[in-house]
Amino acid sequence: MHQYISGLSAHEGQQATLKGWVYNMRVSKTNIFIELRDGSGFLQCVISLDEVGEEAFESAKRLSREASLSLTGEVIKDEKQIGGYELRVTSFEIYGQSPEFPIQANETVHGVRHLADRRHLWLRSKRQWAIMRVRNRVIMAIHEFFQEEGFVQMDAPIFTGNACEGTTDLFETDFFGQPAYISQSGQLYGEAMAMAQGKIYTFGPTFRAEKSNTPRHLAEFWMIEPEMAFYTNEMNMDLIEKFARFVVNSCLEKCKVELETLGRDTSRLEMVNKPFPRVSYDDSIKILRGEMDVEGKNAIAVQEKDLADAKVAIEEKKADIEAREKAIKAGMKKGPRKFNESKILALRSEIADLEELCRNIPGWIESAANFKHGEDFGDSDEKLLTRVFDAPVMVYNWPTKVKAFYMKEVDGDPDYVKGVDLLAPDGFGEIVGGSERETDLDVLLRKIKEHDLPMEEFEWYLDLRRFGSVPHSGFGLGLERMVRWVCDIHHLRETIPFPRRYGRLLP
RNA sequence: GGGUUCGUAGCUCAAUGGUGGAGCAACCGGCUGUUAACCGGAAGGCUGUUGGUUCAAGUCCAACCGUGCCCGCCA
């Protein structure tokens, strides 16, 4: 029986056997330092010449990154080490060598293409390890929350005959000789299941055939869709807030090591413990246009300040580069020179990012200032809006035109529906979309016609209104978007083990 | 689908139109209780493809192929 790094503190001062892979190693004359990873964590193992003898020591020198082995030795407390412990190896056995592993220990030196082509190996990198463990925590927290709240987990089908909301492009496939679609949402089925169990949630894969090429789209992703009988949209919002707070706090509590590995500023996540502001669509537009301030903050002015700050930062970084280049030219030993050269490279890439920001902000401001009532928010609009709040924001009461047919109209005002979007702060944008559902059969019949949807395919759905129709609400959460926010990852492709998106089917 | 950036060594990047360089990785040697970054050596290239301008093209022009980023669509 072997031990795992995560549970090693229980074996302090004792013998233990670990099995894993070489994440990184350093060789000296009498010691070999192996940074071992075993899936549960990372730990330094020291193979010393005195302990293992010359022959074994020589074979250990031939190890390389990602070689697999088992190591036996004494567990020693060492405050200097990352996990607080190290293993003094007395014997080891090599399973598999790993010559010329194509991804360096510092994965950030690689370009995205190189890494994406090697996703099956990239997953072994420290950052990816941390992200996947946060993903696991998010998934488990979601189940914990809903199970605790009395929800029943039920699955919507993946093959469907209808195009649900009728807007998005679906993947078409052959279902025993007849055309079928791969599900883009379990929403309508969720409603049927909620009428059977009261409170349910689905948790499954979802597919969108849009040729979207952005950091926040995948062709295949995982969605969680709770649906609650006898819930109004206000109750829906209460639940969304409680839910998001629970999931994020669970990650903060149980993924400290992972979030630290990722360099996540957790104080930004702790914002979830403040009340989530609730803003009507109409008010959110006023904020966007700069016509309404939030606690003294004006959305347009904030952007203008961001732009000015970015410009100043660019000049500072350019001056920094110039000074370093001058110092290098004036003569410098190799060590400091290398340090400064790599610093210059980092500064250049920071400048490139800032310059892009400078190119983008004016467009964002223009888009926000000229925002027309009745439009859906663009990504930049979400960015501007969330920038003035100190917590995730819920925007409710949306124009009927931009939302799906099944959303319930606001009482006495059919131009608006009781939809709600949860926008995460710091530019992460829409995490959750939900609504109270239309309960009136006649209104639904009218909406389905207006949206030009095939009535016969919705007959079963309409039955839900014919037999004991009740007020009900629900929402959908994009798992990867939640993980992206919690981990502060720029691109969704790093939040799922094997991303499927436009132009990417392998590995 | 629209806009834009870029394709140079295995990787990440340099190179006022004038003899293509560096760091990392890999290889060899030295140092070292080290923790991405020690010291030295040698090695690594038809500069994405095709065509054009020029005495001269990695650099300028055109087309194509590929990639990144931004927008649209959404979770």
Side-chain angles (χ1 to χ4, degrees), chain A residues 23-35 42-46 48 64-65 78 80-82 86 88 99-118 126 165 167-169 184-185 187 206-219 221-225 325 328 333-346 348-349 352-353 355-357 359-361 363-364 367 375-382 402 404 421-424 428-434 475-482 484-485 490-492 502-504:
Chain A
Y23 190 69
N24 209 356
M25 64 185 283
R26 285 159 288 278
V27 178
S28 82
K29 200 160 208 161
T30 53
N31 288 305
I32 296 171
F33 302 97
I34 291 176
E35 189 183 355
F42 295 78
L43 181 90
Q44 171 158 290
C45 303
V46 185
S48 68
S64 58
R65 295 202 53 237
D78 183 350
K80 276 196 307 184
Q81 301 305 326
I82 291 165
E86 73 171 16
R88 301 272 166 84
E100 297 189 36
F101 190 72
I103 299 170
Q104 297 184 26
N106 178 10
E107 64 179 290
T108 58
V109 304
H110 294 287
V112 287
R113 176 68 191 273
H114 181 83
L115 292 169
D117 284 344
R118 293 158 185 79
K126 207 174 263 184
E165 305 177 20
T167 48
T168 41
D169 294 324
Q184 60 130 9
S185 166
Q187 151 81 50
T206 304
F207 307 88
R208 302 276 164 90
E210 290 137 356
K211 291 175 179 173
S212 297
N213 192 14
T214 84
R216 57 195 182 285
H217 286 89
L218 292 169
F221 62 98
W222 288 71
M223 191 150 69
I224 296 88
E225 294 179 288
E325 279 174 341
I328 289 171
K333 282 191 176 176
K334 195 176 177 184
R337 196 184 75 220
K338 272 169 62 180
F339 175 81
N340 278 290
E341 279 169 349
S342 71
K343 196 80 192 168
I344 287 170
L345 278 182
R348 276 190 184 139
S349 117
D353 288 348
E355 280 174 340
E356 188 168 312
L357 194 64
R359 277 196 299 275
N360 287 333
I361 288 180
W364 296 349
S367 155
E375 286 177 0
D376 204 352
F377 289 165
D379 186 55
S380 68
D381 303 317
E382 290 177 354
V402 301
D421 282 2
L422 176 69
L423 307 179
F428 289 98
E430 187 179 346
I431 298 285
V432 164
F475 63 90
L477 166 82
L479 174 65
E480 286 76 15
R481 287 190 173 178
M482 179 61 118
R484 175 181 180 236
W485 170 37
H490 176 251
H491 203 297
L492 225 44
Y502 187 54
R504 174 64 66 180

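Here is how names work: the chains are called A, B, and so on, in the same order as the sequence lines, proteins then strands, and each is numbered from 1.
Taking atom CZ of A:Arg65 as the reference point, atom C1' of B:G10 lies 14 Å away to the nearest angstrom. Whole-Å rounding puts the A:Asn24 CG to B:A25 P distance at 9 Å. Between the CZ atom of A:Phe377 and the C1' atom of B:A75 there is a distance of 16 Å, rounded to whole Å. What separates CZ of A:Arg118 from P of B:G10 is a distance of 12 Å, to the nearest Å.
For A:Arg65 and A:Tyr23, the positive end sits near the middle of the six-membered ring, less than 6.0 Å away and at most 45° from its axis.
Comparing the same atom, C1', in B:A25 and in B:A15 gives a spacing of 23 Å after rounding to whole Å. For B:G10 and B:U49, the P atoms lie 13 Å apart once the distance is rounded to whole Å.
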Set out, line by line, the N/O atom pairs under 3.5 Å between protein and nucleotides 1-7 of chain B.
none

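Heavy-atom distances to RNA chain B give each of A:Asp381 and A:Arg504 a nearest nucleotide, and the one nearer the 5′ end belongs to A:Arg504.
The residues A:Asp117 and A:Arg504 are annotated as salt-bridged, a charged nitrogen and a carboxylate oxygen being separated by less than 4.0 angstrom.
The partner of B:G23 is B:C11, by the rule that a Watson-Crick or G-U pair needs both atom distances under 3.5 Å.
Nearest approach of A:His491 to A:Arg484, heavy atoms of both residues: N-NE, 4.4 Å.
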